[in-house]
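What follows is one structure encoded as structure tokens, with my remarks underneath.
Index from 1, following the sequence.
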Amino acid sequence: MIKVDLHVGENVPGEYEHVVNVEILSGVYGPLISKEDAVLSKLLWIKKGSHKSRQDVQMILRRKEPIDLNYLVKQAKLLSVFELLKELDGGVLIVE
């Protein structure tokens, strides 16, 4: 299964610095934002009332892939979504 979220420039500072072009289908490439920026973007959507994004954040945080916690926490604080991040993380990654 492939899940695609269309990402229309949020307010995550420097998010486009972390974009990589990946092959989605044979010969078809598209930009992919970092896991951290995806979480930050979804946290902003949650602030706007998106309930689906809550599940998405929890799913992303629980995946086995590495995550840059220092970057994620710093940006979440700058965007005033750190408390929401801690709530959705449930103490799995964020221990502040």
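With hydrogens and angles disregarded, no donor-acceptor distance shorter than 3.5 Å links the side chain of Lys42 to the backbone of Asp56. Between the Glu36 side chain and the Asp68 main chain, a donor and an acceptor come within less than 3.5 Å of each other.
One hydrophobic cluster holds both Val39 and Leu69 under the rule that ILVMFWY side chains link at heavy-atom gaps under 4.5 Å.
Between Leu43 atom CG and Glu83 atom CD the span is 12.0 Å, to the nearest 0.5 Å. One distance of note links NZ of Lys35 with CG of Leu61; it measures 7.0 Å at 0.5 Å rounding. Note that CG of Leu88 and CD of Gln55 are 10.5 Å apart. Values are rounded to the nearest 0.5 Å. Atom CG of Leu44 and atom OG of Ser50 lie 11.0 Å apart (nearest 0.5 Å). A distance of 10.0 Å separates OG of Ser41 from CG of Leu79, quoted to the nearest 0.5 Å. His51 contributes atom NE2, which lies 10.0 Å from atom CD1 of Ile46 (distance to the nearest 0.5 angstrom).
What you find for Met59 and Arg63 is that their closest heavy atoms are O-CG, 3.1 Å. Ile60 and Ala38 get closest at one heavy-atom pair: CD1-CB, 4.4 Å. What you find for Leu40 and Tyr71 is that their closest heavy atoms are CD1-CE2, 4.1 Å.
With contacts defined as side-chain heavy-atom distances shorter than 4.5 Å, the pair Val81/Lys47 qualifies. Val73 is listed as a side-chain neighbour of Phe82, based on a closest heavy-atom distance under 4.5 Å.
A search for salt bridge (charged side-chain N to carboxylate O under 4.0 Å, His left out) contacts involving Arg62 returns nothing, not counting sequence neighbours.
A salt bridge links Arg54 and Glu87; the closest N-O separation between the charged side-chain nitrogens and carboxylate oxygens is under 4.0 Å.
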